[in-house]
Amino acid sequence: MGNDSNYLNQQIKKYEYIIRIILTKYNINLNDYNDAFQEGRIGLLKAIKSYKNDKGVTFTSFASI
C-alpha cells in the first residue's frame, strides 16, 4: 500500500496546476483560497482514482470537470 500512497502523492503534485488554473477564475482571499485548494486536492484525488484512460478523454479534461 505504501507504493500506492507514493503514486497518488506524485500524481497530485503533478496535476495540482489544474486546481490553480480553476481557482484563478475566482477573486477569493488567502484563507478561502487555501480551503478551496484543499477541496480541489480532494477532487483531484477522486479523479485520479476513478479515471479510465480507455474512454477517449484526457486526464486533464476529466479532472477539470
Side-chain angles (χ1 to χ4, degrees):
M1 281 272 176
N3 289 340
D4 289 341
S5 178
N6 288 337
Y7 171 78
L8 290 174
N9 286 329
Q10 289 173 348
Q11 293 303 299
I12 289 170
K13 288 292 184 191
K14 180 178 178 180
Y15 291 106
E16 277 183 339
Y17 75 92
I18 297 170
I19 302 166
R20 287 187 191 94
I21 290 170
I22 293 169
L23 291 179
T24 59
K25 298 176 184 177
Y26 303 96
N27 184 19
I28 54 179
N29 66 41
L30 183 59
N31 288 332
D32 291 337
Y33 181 91
N34 290 336
D35 289 343
F37 191 80
Q38 289 304 318
E39 291 290 331
R41 289 185 68 162
I42 293 168
L44 185 57
L45 177 62
K46 290 179 181 182
I48 291 167
K49 289 182 173 184
S50 63
Y51 177 70
K52 306 285 187 240
N53 83 7
D54 63 345
K55 301 295 182 188
V57 176
T58 65
F59 177 75
T60 304
S61 295
F62 179 78
S64 295
I65 295 171

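What you are looking at is a predicted structure, and each value in this text was computed from that prediction instead of being measured.
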Minimum heavy-atom separation for S64 and I22, please, with both atom names.
O-CD1, 3.8 Å
Partners meeting side-chain contact (heavy atoms from CB on, under 4.5 Å) with N29 (sequence neighbours left out):
N31, D32
Could you note down all residue pairs passing side-chain hydrogen bond (donor to acceptor under 3.5 Å, both in side chains) where residues 37-58 supplies at least one of them, sequence neighbours left out?
E16-R41, T58-S61
Say you draw a straight line from [atom1] of [X] to [atom2] of [Y]; how long is it, rounded to the nearest 0.5 Å?
X	Y	atom1	atom2	result
I12	Q10	CD1	CD	11.0 Å
I42	L45	CD1	CG	8.5 Å
L8	D4	CG	CG	6.5 Å
I19	T24	CD1	OG1	12.0 Å

Enumerate the residue pairs fulfilling ring pair (Phe, Tyr, Trp, His ring centres under 6.0 Å) with a member in residues 9-46, sequence neighbours excluded, ordered by first and then second residue.
Y15-F59
